[in-house]
Amino acid sequence: MAHQYSLLDIMNAALVSVGLDEIVSDSDGTPEFRTMSRNIPGIAEAELEAGLYEFSRGQAHLLSRIPGKFGKADGYLIPGDALFVRHLWLNDSGPRCLADWSSDGEAVYVDAADGCFIEYLSVPDASVWSANFSKGVQFKLEAVLHRMMGDARAADDAEMRAVDAFQTGRTVAAKSRAARPFIREGSLGRARFGRG
């Protein structure tokens, strides 16, 4: 990865862009810093949920069993940095054995006494964010700062730049994922599209 931005770098880029002074530490007490600090989690989490960014993927083998819920016998706590679970499977060798499962945001519930595997979405440190994702967050912060300063037009312009940056980031992320077959395997698919 060519860049390694910190959250402070992204915040400073937003501050400079709107004509304000940079901050020198992540404990700055200015109203601008406090406003950006309150808004960054929502900005990042909303975009991570909307886009399938590769840097936000995590995998875990869950073994610490808790009582089940939602009609499932077993429960397993999900990692603390997980926003939500994308997939759950029971074995990690050979073809994935997918299972019927549910979640309440803190744990997954499944009929599997021996544990399970999950792929989840997390909010990673800013140093691993893609360049377009970082720019999108910066532009969103610029919009927040412009609104704070009473400049609605500049805020709307910054919002549009954020939308463009995030869309570019989503497109790049989509291109980096493996292609999936258009036709699902099954008797109907083989009969209709099979050869021979």
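The first residue of the sequence shown is numbered 1, and numbering continues consecutively from there. For the numbers below, each heavy atom of this structure counts, side chains included, while hydrogens, waters and symmetry mates do not. Since the structure is predicted, the reported quantities are computational estimates derived from the model, not experimental observations.
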Could you tell me the separation between the [atom1] atom of [X] and the [atom2] atom of [Y], rounded to the nearest 0.5 Å?
X	Y	atom1	atom2	value
Ile43	Arg38	CD1	CZ	12.0 Å
Ser130	Lys135	OG	NZ	12.0 Å
Met11	Asp9	CE	CG	11.0 Å
Gln59	Ser122	CD	OG	12.5 Å
Phe166	Phe133	CZ	CZ	5.5 Å
Cys116	Tyr109	SG	OH	11.5 Å

More than 12 heavy atoms of other groups within 6.0 Å of Glu119 CD: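 It does: Glu119 CD has more than 12 such atoms within range.
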ILVMFWY cluster membership beyond Val24 - transitive side-chain contacts under 4.5 angstrom: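 None; Val24 is a cluster of one.
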Pair Tyr120-Arg86, side-chain contact (heavy atoms from CB on, under 4.5 Å): steps then yes or no: CA-CA 5 Å; Tyr120 62 93; Arg86 289 180 171 164; over 6 Å; no
Show the nearest heavy-atom pair for residues [X] and [Y], with the distance to one decimal.
X	Y	result
Gly136	Ala162	O-CB, 3.6 Å
Arg147	Ala152	NH1-O, 3.9 Å
Leu48	Ser56	CD2-CB, 3.7 Å
Ala158	His146	CB-CD2, 4.5 Å
Ser103	Ala107	OG-O, 2.9 Å
Ala112	Leu90	CB-CD2, 3.6 Å

hydrophobic_cluster_shared for [Y] and [X], side chain cutoff 4.5 Å:
X	Y	result
Leu141	Met149	yes
Ile40	Leu121	yes
Val108	Phe117	no
Ile78	Trp89	no
Phe84	Phe55	yes

Residues Val137, Trp129; criterion side-chain contact (heavy atoms from CB on, under 4.5 Å); working and verdict: CA-CA 10 Å; Val137 171; Trp129 291 355; 3.8 Å; yes
salt_bridge(Lys72, Asp100) N-O dist < 4.0 Å: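 Yes, this pair counts.
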Glu47 bridged to Arg170 by N-O distance under 4.0 Å: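 Yes, this pair counts.
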Are any non-hydrogen side-chain atoms of [X] and [Y] less than 4.5 angstrom apart?
X	Y	value
Phe139	Val163	no
Leu145	Glu32	yes
Ile10	Met36	no

Residue of the set Asp111, Asp74, Asp104 for which salt bridge (charged side-chain N to carboxylate O under 4.0 Å, His left out) holds with Lys69: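 Answer after filtering Asp111, Asp74, Asp104: Asp104.
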Thr171 (side chain) donor-acceptor with Gln167 (main chain) under 3.5 angstrom: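 Such a contact is found between Thr171 side chain and Gln167 backbone.
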Under 3.5 Å donor-acceptor, Tyr76 side chain and Gly115 backbone: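 Checking the backbone N and O of Gly115 against the side chain of Tyr76, a donor-acceptor pair under 3.5 Å is found.
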Arg161 and Asp156: CA distance, side-chain angles, deciding distance, salt bridge (Lys or Arg N to Asp or Glu O under 4.0 Å) verdict: CA-CA 9 Å; Arg161 288 193 312 278; Asp156 291 343; over 6 Å; no
Leu15 and Glu22: CA distance, side-chain angles, deciding distance, side-chain contact (heavy atoms from CB on, under 4.5 Å) verdict: CA-CA 6 Å; Leu15 285 165; Glu22 290 186 358; 5.6 Å; no
Audit row: Leu62, Leu77, side-chain contact (heavy atoms from CB on, under 4.5 Å) steps and yes/no: CA-CA 7 Å; Leu62 306 181; Leu77 294 175; over 6 Å; no
